Number of protein chains: 2
Amino acid sequence: MAASERGPRERMVFSAAQLIRRDGVTATGMREVAAHAGAPRGSLQHYFPGGKEQLVNEAVDWAGRYAAGRVGRFLAQLPEPTPSGLFAAMVRQWTDEYRSAGFAGGCPVAAATVDCAEGRDSTRAAAAAAFARWTRPVADALTGMGVPAERAESLATLMISALEGALLIARSERDVRALTTVVRELGPLLDASVVRQASGG
Amino acid sequence: MAASERGPRERMVFSAAQLIRRDGVTATGMREVAAHAGAPRGSLQHYFPGGKEQLVNEAVDWAGRYAAGRVGRFLAQLPEPTPSGLFAAMVRQWTDEYRSAGFAGGCPVAAATVDCAEGRDSTRAAAAAAFARWTRPVADALTGMGVPAERAESLATLMISALEGALLIARSERDVRALTTVVRELGPLLDASVVRQASGG
DNA sequence: CCGGGTCTATGACAGCGGTCATAGTAGCCA
DNA sequence: TGGCTACTATGACCGCTGTCATAGACCCGG
């Protein structure tokens, strides 16, 4: 979650993602983004001539790449790769954040979808692309673990759906219960989908 | 989804829920709610002296009651009650809407959570209450089908999580794929959780 | 010195947001 | 008729939003 000290443009995209995931797209102002990024206000129209829509879209895009990138790192850290282990790692990222930093933020892609699915088509498309970019490495990981290709895609969608929904519930309840629940209940199903190789369950 | 011609107050709450689930909380204006409900603007401060916050909270509350009420009707319509059948019915309500009316609207509770979880605690609490009120009848239905009480609660949370997450994906993609996917993949797991009575597999 | 990029700095604008203040109407009771 | 209550009707206020316009800083090649 920590972007190093890159250029002001990248910092603004990153800040936009952070503010969006906390307050939603509409409630996040351009001036606020610049201030949060420590960037001059004048840079907004310089780097994002497309206005707020461009900034939001890039933030959603960034979030999608970030989530996709995490999948690979989770895989590398797993002692032995199992579907349930991957899912647990994906969810644990959130439970860790919520326990250590509070329930202030959700998923920026979800926020963009809720706020812009109707009325700002480019942002809606950016959210769909982010979900797709996130789903692919998850599905690929599943096939690598021995899940048939057709089911891998479906199970990846199920995993992300359950995670996103549980995030909503957890944030509203200020309790990670929903997150731990979906991991516990979905784990066996995921591991049972492995057909070749010795399944650990 | 159609509220009959009740009083103006109820119409405004209903309209608020509709607009919120389409555009989000922040992007929904008070004047817009009144206009959508065909109610006079002056009635806003009369019926909702607590301002927008009160109106939003009541809309979220209404949505929670509505979702909870649907569960009972779904159960009554099932030829034989199975967990997967109930889940399929819950999801089908959304696929039907999306196929017939387009992908304009999402879940108002999700929208309220995304937009208000941080910064408006009463609305956050209202969302949590709505999720809880929705979860209970689902869990009760599962226990009635023979699911052990401890798992029933967890599976109800899983069902609602998967539904909410799939809603986000479906809306961003403008495709019901994610919804049908979670039904297909989650159904067997749900039915397998029935321990007593003949499971209808 | 000039010219020409990249980036920054402000100020203004027009619009809309929620909310408040105030006045008006309708009906009902005495 | 008067008076009370429920509800409606407007208009104004202030703050904030995204966006535009304009001008300044800074650096580099010539």
Side-chain angles (χ1 to χ4, degrees), chain A residues 5-60 108 111-112 114-116 118-124 126, chain B residues 5-60 108 111-112 114-116 118-124 126:
Chain A
E5 291 299 341
R6 311 292 275 272
R9 206 199 120 99
E10 196 165 343
R11 287 208 316 274
M12 282 192 279
V13 173
F14 175 73
S15 288
Q18 282 209 288
L19 295 173
I20 286 170
R21 86 193 193 93
R22 193 187 63 184
D23 301 321
V25 171
T26 314
T28 296
M30 301 281 276
R31 295 164 170 84
E32 191 185 0
V33 170
H36 182 276
R41 185 162 78 85
S43 299
L44 280 172
Q45 71 179 292
H46 181 73
Y47 290 114
F48 308 96
K52 185 177 187 176
E53 189 157 350
Q54 181 186 355
L55 176 58
V56 169
N57 292 359
E58 293 203 23
V60 170
V114 163
D115 280 352
C116 308
E118 187 73 7
R120 230 136 48 147
D121 202 65
S122 71
T123 304
R124 194 223 87 233
Chain B
E5 292 300 341
R6 311 290 276 272
R9 207 198 119 100
E10 197 165 344
R11 288 208 315 275
M12 282 193 278
V13 172
F14 175 74
S15 289
Q18 281 209 288
L19 295 173
I20 286 169
R21 86 194 193 93
R22 195 187 63 184
D23 301 320
V25 172
T26 315
T28 296
M30 301 280 275
R31 294 164 169 85
E32 192 186 0
V33 171
H36 183 277
R41 185 160 79 84
S43 299
L44 280 171
Q45 71 180 295
H46 181 72
Y47 291 114
F48 307 95
K52 185 175 188 179
E53 188 158 352
Q54 181 187 356
L55 177 58
V56 169
N57 292 359
E58 293 203 24
V60 170
V114 162
D115 280 351
C116 309
E118 187 72 6
R120 236 142 37 154
D121 202 64
S122 72
T123 304
R124 193 222 87 232

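None of the values given here were measured: they were computed from a predicted structure. Protein chains get the first letters and strands the later ones, always in sequence-line order, with residue 1 at the start of each.
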Asks: Mind listing the closest non-hydrogen atom pair of B:Glu32 and B:Ala27 along with its distance?
Replies: OE1-O, 3.8 Å
Asks: Roughly how many Å is it from NE2 in A:His46 to P in D:dG24, rounded to a whole number?
Replies: 19 Å
Asks: What about B:Arg41: does its side chain form a donor-acceptor pair under 3.5 Å with the base of D:dG11?
Replies: yes
Asks: Can you tell me the distance, in whole Å, between the CD atom of A:Gln45 and the C1' atom of C:dA9?
Replies: 10 Å
Asks: What is the distance, rounded to the nearest whole Å, between atom OH of B:Tyr47 and atom P of D:dA9?
Replies: 11 Å
Asks: Distance check needed: C:dT8 P versus A:Arg9 CZ, whole Å only.
Replies: 12 Å
Asks: Mind checking whether B:Arg22 and B:Leu19 have side chains closer than 4.5 Å, heavy atoms only?
Replies: yes
Asks: Tell me the interatomic distance from B:Arg31, atom CZ, to C:dC20, atom C1', rounded to whole angstroms.
Replies: 11 Å
Asks: In whole angstrom, give the distance that lies between atom CG of A:Leu44 and atom C1' of C:dT8.
Replies: 11 Å
Asks: Check whether any side-chain heavy atom of A:Ser43 lies under 4.5 Å from a side-chain heavy atom of A:Arg9, and answer yes or no.
Replies: no
Asks: For DNA chain D, whose closest nucleotide is more 5', that of A:Glu32 or that of B:Pro8?
Replies: B:Pro8
Asks: Over all heavy atoms of both residues, which pair between B:Tyr47 and B:Met12 is shortest? Give the atoms and the distance, please.
Replies: CD1-CE, 3.7 Å
Asks: B:Arg120 CZ to C:dG17 P: how many Å, rounded?
Replies: 14 Å
Asks: Whole Å only: how far is the CE atom of B:Met30 from the C1' atom of D:dA9?
Replies: 16 Å
Asks: At under 4.0 Å between heavy atoms, what does A:Thr28 touch on the DNA or RNA strands: base, sugar-phosphate, or nothing?
Replies: sugar-phosphate
